[in-house]
Each structure stands twice: as structure tokens, then as C-alpha cells.
Amino acid sequence: MKEINITTSFTIFDNLSELSEEIQSLMNQAIEIRKKAYAPYSKFRVGAALLLDNGKVILGSNQENAAYPSGLCAERTAIFYAGSAYPEAKILKMAITAASDTNQTTAPIPPCGSCRQSIAEYEIKQETPIEIYFMGEIGEVYKSSSLKNLLPLMFDKKFL
């Protein structure tokens with residue numbers, strides 16, 4: 001028997017004002033698109049903004065459906081659009097923000113498991129890490145320099 005230890009590391013910013021102008025802009029776009037989320041069931045709105053290597057910014061918000069789990073998370077909405085509209089572009093940075101209609105979200109909200117797997121697919125495909133910034137409605141912003149940091153034992157095509 002042997003044991004492995006897996007560690008992750010995040011950079012924590014106290015608030016949006018500590019981020020670079022580029023990331024502040026990306027997060028502000030995620031905040032604006034979050035407000036357009038269709039979340040009548042969970043009342044939990046998520047916005048995502050992706051910066052591509054061609055300079056384009058792709059936005060996505062969660063889209064719920066009464067026939068759970070037919071909806072789609074903000075991160076996957078944005079990633080899948082980027083993949084279909086700009087299949088050769090690399091995703092450089094991702095900003096994610098989440099807010100509840102019923103109480104203030106102050107803790108950083110990371111991508112769910114399905115979104116992590118989808119982000120992993122693109123990070124592996126493009127052979128370049130994706131910087132991921134995530135926050136709640138207000139407060140701290142976490143930065144992960146790669147999806148591998150959020151999902152260290154990734155499942156990918158090499159297992160198929």
C-alpha cells in the first residue's frame with residue numbers, strides 16, 4: 001500500500017478592486033450576465049465570462065428547466081458557445097460569479113462537478129491552462145491557475 005497527497009493552491013483577493021483591470025472587467029461582465037440568468041426554480045443565478053486568445057469575451061448564464069436536469073450551468077453555456085463559435089480559440093481566463101435571490105452570497109462559489117469536467121475537456125484539448133476566478137455576490141475572489149487545481153484526478157480521453 002502507498003499513499004498519495006494531493007494539494008491545491010489558490011490566490012485569494014479580498015474583493016474585486018484587488019484584481020487587475022483585465023480581470024475586473026471580465027468579472028464585471030460575468031456579474032452583468034448573471035443578472036440575466038433564468039433561475040425561477042433555484043433562485044440561484046450564475047454568470048460566467050471567458051476571455052479567448054483571439055480577444056473575444058464569451059458570456060453565459062445558468063438556464064434552468066422545470067424538467068431537471070435539463071438546464072445548463074453558466075460555465076458550460078459559455079464554454080460550449082465558445083467551442084462552437086470559435087473552435088480554434090483557446091480559453092485563457094474564466095470569471096464566475098453566483099448570487100442567490102433569497103440571501104446574500106459572500107463565499108466564493110466554484111464550478112460544479114459537471115462544469116469542472118467540461119472545463120477539463122477544453123483545458124486538455126487546448127494544452128494550455130485556464131485561469132479560473134470565482135466569487136459569490138460580494139467578497140473574496142479566488143483564483144485557480146488551472147482546472148487541474150480544482151479537479152486534480154481528471155477523467156479524460158486517455159482512459160477511453
If we only count heavy atoms from C-beta on, is the [X] to [Y] side-chain gap below 4.5 Å?
X	Y	answer
L50	V57	no
I58	L52	yes
S114	R76	yes
V141	F134	no
E3	N5	yes
C73	C112	yes

Assess whether atom [atom1] of [X] is packed by more than 12 heavy atoms of other residues, nucleotides or ligands within 6.0 Å.
X	atom1	value
K125	NZ	yes
Q104	CD	yes
E137	CD	yes
F155	CZ	yes
K90	NZ	yes

Keeping the roles fixed (side chain from [X], backbone from [Y]), state whether a donor-acceptor pair exists under 3.5 Å.
X	Y	answer
N62	F44	yes
S144	L147	no
E140	D14	no
N28	Q24	yes
T8	L150	no
E131	M94	no
S84	F80	yes
T77	E75	no

For [X] and [Y], work out which heavy atoms get closest and say how close.
X	Y	answer
K35	R45	O-NH1, 4.1 Å
A74	G60	CB-O, 3.5 Å
I96	I109	CG2-O, 4.3 Å
A49	Q29	CB-CB, 4.3 Å
N54	A89	ND2-CB, 3.9 Å
L59	A78	C-CB, 4.0 Å

Kindly work out whether a path of hydrophobic side-chain contacts (I/L/V/M/F/W/Y, heavy atoms less than 4.5 Å apart) joins [X] to [Y].
X	Y	answer
I31	Y133	yes
I132	V46	yes
I124	I130	yes

Distance-only side-chain donor-acceptor flag, S61 / R34, under 3.5 Å: no
Could you grab the distance from atom [atom1] of [X] to atom [atom2] of [Y], nearest 0.5 Å is fine?
X	Y	atom1	atom2	result
I12	Y142	CD1	OH	4.0 Å
M154	Q117	CE	CD	8.5 Å
T105	M135	OG1	CE	10.0 Å
L92	L51	CG	CG	5.0 Å
I91	D53	CD1	CG	9.5 Å
Y81	L72	OH	CG	15.0 Å

Test log, rule side chain to side chain donor-acceptor pair (under 3.5 Å), inputs T128 and E123: CA-CA 6 Å; T128 306; E123 190 169 276; over 6 Å; no
Among L16, T11, N15, the one residue meeting side-chain contact (heavy atoms from CB on, under 4.5 Å) with F13: T11
